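Encoded as structure tokens, the structure appears first; notes follow it.
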Amino acid sequence: MTNVDNTNENTSGHASDNMEENSDFQDMNEILRVRRQKLAELQENGKDPFEIVKYDVTHKTRDIIDSFDTFDGQEVSIAGRLMSKRGMGKSSFCDVHDRDGKLQIYVQVNMIGPEAYSEFKKYDIGDMVGVKGEVFRTQKGEISIKVKEVVLLAKSLRPLPEKWHGLKDTDMRYRQRYLDLIVNPEVKSTFILRSKIIKAIRTFMDNRGFIEVDTPLLNTIPGGAAARPFITHHNTLDIDLYLRISPELYLKRLIVGGLEKVYELGRMFRNEGMSVKHNPEFSMMEIYEAYNDYKGMMELTEQLISTVAQEILGTTKISYQGTEIDLTPPWSRMTMCEAVKKYAGVDFDAIATADEAKKALISKGLDIKGAVSKGEAMNLMFETFAEEHLIQPTFILDYPVEISPLTKKKPGNPELTERFEVFIYAREIGNAYSELNDPIDQKERFERQVEKRESGDEEANMMDDDYVIALEHGLPPTGGLGIGIDRLIMLLTDSYSIRDILLFPTMKPRD
RNA sequence: GGGCCAUUAGCUCAGUCGGCAGAGCACUUGACUUUUAAUCAAGUUGUCCCGCGUUCGAAUCGCGGAUGGCUCACCA
């Protein structure tokens with residue numbers, strides 16, 4: 001009975017399964033057919049471009065453009081994708097694009113001979129070519145190569161998107177990112193910038209005496225953050241494993257082991273909602289420094305981000321989505337309690353009990369589901385009323401202990417912890433603690449997390465006994481910091497969506 | 001999951017009141033030996049996202065569905 005309605009999935013028009021192979025060619029439009037015919041002709045004449053294994057490239061187009069005076073009159077060879085053709089009978093101008101630039105080539109029939117020229121005229125936009133010739137400047141002043149030899153290095157069998165408007169369909173841009181990179185120059189430069197930013201971050205950390213380490217992506221206990229993990233399975237061991245949500249607990253084991261200053265910059269996986277700021281896999285850097293605390297991490301955060309901005313963009317005053325943001329240190333500092341007082345008008349210093357906190361929430365029109373502690377109430381108010389105002393870089397200090405299970409309590413105030421989050425453009429960019437190193441306290445905090453988990457909170461931490469044993473061997477006082485690398489790159493590249501700074505963002509499969 | 005919007009040629013997009021499916025780029029043929037969004041002449045290109053309905057007639061109107069975008073909710 002229940003299956004009857006599903007029959008339409010099998011009968012809805014896929015009757016062509018048995019005749020698909022041979023009808024491919026007929027189904028193609030003219031552009032596809034013509035290009036395949038050109039390839040077939042080349043192959044029949046023993047000139048199959050796909051048999052070529054190597055081309056001797058002496059220069060990149062960027063080098064030639066940047067130092068024309070030294071290349072003027074010299075012979076060079078370049079290679080790249082043919083992106084435009086301006087043919088005028090017995091001579092042609094074309095643009096060849098390589099990674100960092102483009103260069104015009106000038107092909108004349110009496111330079112390469114009538115046979116090679118007529119073959120060249122069959123090249124299509126999108127073909128990969130190698131070109132050898134002499135550098136010169138045209139009458140209109142454009143640096144070019146007068147071609148002595150041109151080689152087809154790969155035939156493009158499909159047309160590129162339109163040259164003037166580029167590729168706009170966002171879905172296609174993400175699914176076929178190579179097309180996006182070919183036709184939208186600003187996309188290519190964004191990803192080149194991403195690479196430079198990450199390199200600058202690593203250089204900064206290395207210069208400060210940190211070592212980069214790699215810890216497991218496959219975890220038996222996913223810890224260090226409040227997030228739902230992805231689950232996978234190892235066949236030989238026959239156990240489920242989790243993809244890591246944070247490297248925190250491994251990195252602190254390394255501090256116990258005496259590595260003192262470590263960082264890891266890599267991919268995290270969180271099985272949660274997707275948005276303009278969230279992708280299921282994303283890059284984060286975590287840093288741990290022995291004998292330091294969260295105040296030291298504040299200084300490190302400011303220095304790191306402002307130094308990278310200065311190096312990559314040449315300034316610490318950036319523009320993000322039309323808003324000026326000043327990354328010049330020092331950044332403003334405010335406790336969460338102060339922020340809530342300022343933006344919500346509620347003074348949590350004057351609130352003693354969870355009941356009073358609940359009343360304060362209700363008076364601000366907030367919904368309360370289940371039991372809410374004083375700290376959770378303050379955090380909720382902070383997120384609701386304060387976060388949106390934190391446009392310029394701002395450290396928010398002293399988070400409630402209930403939502404900070406891995407953080408040292410503030411001396412003299414057991415309700416709060418030595419923790420900050422840093423916000424830029426109302427987004428959380430970083431999160432840092434004075435790390436909790438008391439194994440007995442840690443064990444109790446885990447137990448409280450386990451209780452939350454058992455009462456339905458899928459994001460609460462699991463008990464990690466092995467980590468507690470590591471702490472029992474002695475973790476020095478340590479400062480720890482996590483920085484959302486993708487969000488930082490969004491800021492520095494002025495990108496609206498996280499999908500614009502991930503080459504292949506997670507997509508729902510088609511069909 | 002809710003709301004709003006979109007889906008038309010390989011790409012970017014028009015398509016009026018329901019009346020033969022359009023443009024630019026790309027492509028094909030021809031002309032052109034310093035062009036550059038080359039130019040000029042001629043030509044080709046369609047599951048109008050899918051299904052059902054209303055109608056003499058649907059790209060256009062109605063209902064249902066798919067995909068995507070934005071947004072709200074969710075989400076350290």
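A, B, ... follow the sequence lines: proteins, then strands. Residue 1 opens every chain. Computed from a predicted model, the values in this text were never measured in an experiment.
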Is a salt bridge present between A:D398 and A:K410, judged by a nitrogen-to-oxygen distance below 4.0 Å? yes
In 5'-to-3' order, the base (B), backbone-only (S) or no-contact (-) status of each nucleotide in nucleotides 44-50 of chain B, using a 4.0 angstrom heavy-atom cut-off, is B------
N/O donor-acceptor pair under 3.5 Å between A:E435 side chain and A:G480 backbone: yes
Have a look at A:N379 and say if it touches a base, only the backbone sugar-phosphate, or nothing, with a 4.0 Å heavy-atom cut-off. nothing
With rounding to whole Å, what would you report as the distance between B:rU16 and B:rU60 at their P atoms? 11 Å
Separation of the C1' atoms in B:rC20 and B:rC5, to the nearest angstrom: 31 Å
If you draw the axis of the six-membered ring of A:Y106, does the NZ or CZ of A:K146 fall within 45° of it and under 6.0 Å from the ring centre? no
Charged N to carboxylate O under 4.0 angstrom, A:D66 versus A:R62? yes
Lys/Arg-Asp/Glu bridge criterion (N-O < 4.0 Å) met for A:E264, A:K252: no
May I ask you to say what A:P405 touches in the nucleic acid, namely base, sugar-phosphate or nothing, with a heavy-atom cut-off under 4.0 Å? base
Applying a 4.0 Å non-hydrogen cut-off, can you work out what A:Y123 is touching in the nucleic acid: base, sugar-phosphate, or nothing? nothing
Which nucleotide in B:rC27, B:rG10, B:rG68 has an atom nearest any side-chain atom of A:R175: B:rG68
Pair A:Y320 and A:Y425, ring centroids less than 6.0 Å apart: yes
When the C1' atoms of B:rA59 and B:rC48 are compared, how many Å lie between them, rounded to an integer? 5 Å
What I want to find out is whether A:K60 reaches A:D100 closely enough, with some N-O distance under 4.0 Å, to be called a salt bridge. no
Kindly express the pairing pattern of RNA chain B in dot-bracket notation, using | wherever a base pairs with another strand and counting only Watson-Crick or G-U pairs under 3.5 Å. (((((((..((((.....[..)))).(((((.......))))).....(((((..]....))))))))))))....
Salt bridge or not for A:D500 and A:R173, using N-O below 4.0 Å? yes
Give a yes-or-no answer on whether the side chains of A:D98 and A:T61 include a donor-acceptor pair shorter than 3.5 Å. yes
Roughly how many Å is it from CG in A:D180 to C1' in B:rC11, rounded to a whole number? 13 Å
Summarise protein proximity over nucleotides 32-41 of chain B in one line of letters, 5' to 3': B for base, S for sugar-phosphate only, - for none, counting protein heavy atoms closer than 4.0 Å. BBBBBBB---
Please round to the nearest 0.5 Å and tell me the distance separating atom CG of A:D486 and atom CZ of A:R499. 13.5 Å
Any salt bridge linking A:E41 with A:K47? Criterion: basic side-chain nitrogen under 4.0 Å from a carboxylate oxygen. no
Taking atom C1' in both B:rU8 and B:rG15, compute the distance separating them and give it to the nearest angstrom. 9 Å
With a 4.0 Å cut-off on heavy atoms, is A:I403 in touch with a base, just the backbone sugar-phosphate, or nothing at all? base
Taking the same atom, P, in B:rG2 and in B:rG65, what whole-Å distance lies between them? 10 Å
Between B:rA26 and B:rU12, how far is it from one C1' atom to the other, in whole Å? 11 Å
How do A:N461 and A:K168 order along RNA chain B: which one's closest nucleotide is nearer the 5' end? A:K168
Need one value for A:L167: base, sugar-phosphate or nothing, where a base atom within 4.0 Å counts as base even if backbone is also close, heavy atoms only. sugar-phosphate
Here's a test of your reading of the structure: between A:R419 and A:R499, which maps to the more 5' nucleotide of RNA chain B? A:R499
Nearest to side-chain heavy atoms of A:M172, which nucleotide of B:rU12, B:rG10, B:rC11: B:rC11
